[in-house]
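The figures here come from the full heavy-atom set of this structure, side chains too, leaving out hydrogens, waters and symmetry mates. Throughout, a chain's letter reflects where its sequence line sits, starting with A, and its residues are numbered from 1. Computed from a prediction, not measured in an experiment: that's the story for all the values here.
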Amino acid sequence: MEPATLLPLGVSFDAFASLGFWLGVGVIAGTFTIFALGLQLNVGFTGIFNFGQAGFMAIGAYSMAILVTEEGVNFWLSLPIAIAITMVFGLIVGLPSLRLRTDYLAIATLAASEAIRLTTLNARELTNGSQGIFGFDTEFDDLSESIESLLISVGWSDPETLFPLFMIVWIVALLLTFGLWRLQKTPWGRVLRALREDEDAARALGKNAFAYKLQSLVMASALGAIAGFFLALNLKFVVPDEFLPNFTFIGFAILILGGLANYWGVAVGAIIFQTIFEGLRFLELPITEVQVSALRYILLGLVLIGLMAFRPQGLFGKREEMVLGE
Amino acid sequence: MSSAAALAHGSGASSIAPIFQAEGVVKKFGGINAVNEATMQVADGSITALIGPNGAGKTTFFNVITGFYRADGGTATFEGRRVLGRPPYLIARMGMVRTFQITKALARMSVLDNMLLAAPHQPGESLSGVLLRPGASRRREREVASKAEELLEVFNLTKLTDQYAGTLSGGQRKLLELSRALMAEPRFLLLDEPMAGINPTLGRRLLDHMQRLRSEDGVTFLFIEHDMEVVMNHSDRVVVMAQGTVIADGEPHEIRSDQKVIDAYLGGGSPDDGAESSSAATPRSHGEGGRVTERPR
């Protein structure tokens, strides 16, 4: 392919002009948004360091895939069941670990997440191991196709196949963002913020800190499950490698980018992150593709370091909250 | 037992029903008994001071009876109901509300949110209430907001209503914490050094407000204080702790002349407690420095 514009660095901007690129970025960014909303609820608004979000995502995606392919459950019905299963797991992880101090909680949730991933890798009878599970999305494909034909009927001659998924993931992401934003403004949300500030003060004022933290974690696990559905629908299969702790770390990067304690910043952070991350693939350097993909992580790290140094509150966080938090 | 003797020695207390009673309360840290069989009672509607040298176990005692520390022995009842073994939030909901020696302002929340948070009976604090009773939640919020404004007025915090609590000065935080505790509708208020760091004028106002709450709403107070002028002039009863146990309990004038108290606190002081031993009858109130022994976890 002959790049139309060549900068000194060797970046081709061709890809940025294609709708396919943006839909690809958009679907993943939407998935990350839903995923990181859970982290925002936990970290930004409750002060609990959940490093196990990728594990909850795995439970959601695998529950859905197994229910559909093994148990013959209807795809749409499998979604609420998979969310419920994931919430039970959130409860199981939270009950023993939420009494721990912040840093130990982070380790405990990370360990739980890895335990889940290693189970999906090794419980082959249930999960098909590293081969993964396919063929759970026929009902979704039907919906996708009827949306496509609807688009054709309104005059889009050749709609992108990814467009329906893109549309649905963002409708869900924005609805969830709106819902959480509203919830944060209620007295319930105020108790969560009080826990983030000082748990003992909240307890001394009659708030059952543990119950609220548990609710926060269980809700985040449900958001993880929903993100898992979209991840699975985008890939069209589920494999254990998709649920590495890296996914959680990227979620945290998005949180920092968008700004802590701001739900709307999550979507913006996710879009910027994914655009940079995908866009960096088009760096044309005299190195191999594997090296380029490693370089992406290095550059991402540099961006995060720069952000921490010059704008620690992220794009939408409040500077004064950052200062007062110290 | 010396504490029992001290109780018997105190006059008048038995004539008024106690709102709070503690008996033989023990709290151990490793091999040390930070609270060692502390026994006391607080008369209903009284303003009771809890005094004693640093390391006497006053704050630890507070932490035990409000559920923040698990007791290693003894019993405590509030309005006849057991408190030891209950979690802090349930004790607070019973009407027994505390403040902390080191103030706990909720820094990244507004002063108003600090106040509103403390109000009980808010249906919007549960998810089911948020979804099913939004109207009741908003009504309660309005009710509580006007009460919060009144209290902020009393403590000169009105102009700070919308500021982050974290921007307040030490003294303002102390006042905020007290008014926040009052929002929780306490019947028994436990204050850990409420006067520390507050200027005399506001301190005066705080004491007046305590008197008014006691006479108008029947609120009972137990407060830890080092300023002997405040203790002697503004409390009905004084409980003295030393080395984890209650060594005396009586009216201020009785305490002033109690030989045990003079030896342990007002007069000589223990050799390891130099700061307190300087002045005789009125140990000065002092700042936050040097008090590392009683910090809650």
(message) Please find the pair of heavy atoms, one from Leu205(A) and one from Ala184(B), that lie closest to each other, and give the distance.
(response) CD2-CB, 4.3 Å
(message) If you compare all heavy atoms of Glu125(B) against all heavy atoms of Pro187(A), which two are closest, and at what distance to 0.1 Å?
(response) CG-CB, 3.7 Å
(message) Distance check, rounded to the nearest 0.5 Å: Asp200(A) atom CG versus Phe100(B) atom CZ?
(response) 5.0 Å
(message) Just so I know, are the side chains of Leu127(B) and Met219(A) near enough to count as touching, which here means a heavy-atom distance under 4.5 Å?
(response) yes
(request) Give, as side chain, backbone, both or neither, the part of Leu131(B) having an atom under 4.5 angstrom from any heavy atom of chain A. (result) neither
(request) Measure distances from Ser126(B) to the heavy atoms of chain A and classify the residue's part below 4.5 Å as side chain, backbone, both or neither. (result) backbone
(request) Check Ala201(A) against Leu106(B) and note the closest heavy-atom contact, atom names and distance. (result) CB-CD2, 4.0 Å
(request) Side chain from CB out, backbone as N, CA, C, O: work out which of these in Ala119(B) comes under 4.5 Å of a heavy atom of chain A, or both, or neither. (result) backbone
(request) Determine whether Lys318(A) and Tyr164(B) make a side-chain contact, defined as any pair of heavy atoms from C-beta on separated by less than 4.5 Å. (result) yes
(request) Write down the atom of Asn208(A), the atom of Tyr89(B), and the distance for their closest heavy-atom approach. (result) ND2-OH, 3.0 Å
(message) Counting C-beta onward and ignoring hydrogens, is there a side-chain heavy-atom pair between Lys207(A) and Leu117(B) closer than 4.5 Å?
(response) yes
(request) Only counting residues at least two apart or in another chain, list the ones meeting side chain to side chain contact (heavy atoms under 4.5 Å, CB included) with Leu50(B). (result) Met40(B), Lys58(B), Phe61(B), Phe62(B), Leu222(B), Ile224(B), Val239(B), Met241(B)
(request) Can you tell which part of Phe210(A) gets under 4.5 Å to a heavy atom of chain B, answering side chain, backbone, both or neither? (result) neither
(request) Under 4.5 Å heavy-atom distance to chain B, tell me which part of Leu183(A) shows up: side chain, backbone, both or neither. (result) side chain
(request) Answer yes or no: does atom CZ of Phe29(B) have more than 12 heavy-atom neighbours from other residues, nucleotides or ligands under 6.0 Å? (result) yes
(message) Quick check: closest heavy atoms across Ala92(B) and Arg203(A), and the distance to 0.1 Å?
(response) CB-O, 4.1 Å
(message) Below 4.5 Å, heavy-atom pairs only: which of Glu177(B), Gln122(B), Met109(B) has the largest tally toward chain A?
(response) Met109(B)
(message) Checking Thr186(A) now: which residues fulfil side-chain hydrogen bond (donor to acceptor under 3.5 Å, both in side chains) with it, not counting sequence neighbours?
(response) none
(request) Could you look at Thr99(B) and say if it's the side chain, the backbone, both or neither that has a heavy atom under 4.5 Å from chain A? (result) neither
(message) With a 4.0 Å cut-off on N to O distance, would you call Arg108(B) and Glu321(A) a salt bridge?
(response) no
(request) Look at Gly206(A), Ala211(A), Ala209(A) and state which one has the largest set of heavy-atom pairs under 4.5 Å with chain B. (result) Gly206(A)
(request) Using a cut-off of 6.0 Å, state whether more than 12 heavy atoms not belonging to Arg139(B) lie near its atom CZ. (result) no
(message) So for Arg138(B), is it side chain, backbone, both, or neither that comes closer than 4.5 Å to the heavy atoms of chain A?
(response) neither
(request) Check the surroundings of atom CZ in Arg311(A): do more than 12 heavy atoms from other residues, nucleotides or ligands lie under 6.0 Å from it? (result) yes
(request) Before accepting this row, confirm whether a basic side-chain N of the pair Glu141(B)/Arg190(A) lies closer than 4.0 Å to the acidic partner's carboxylate O. (result) yes
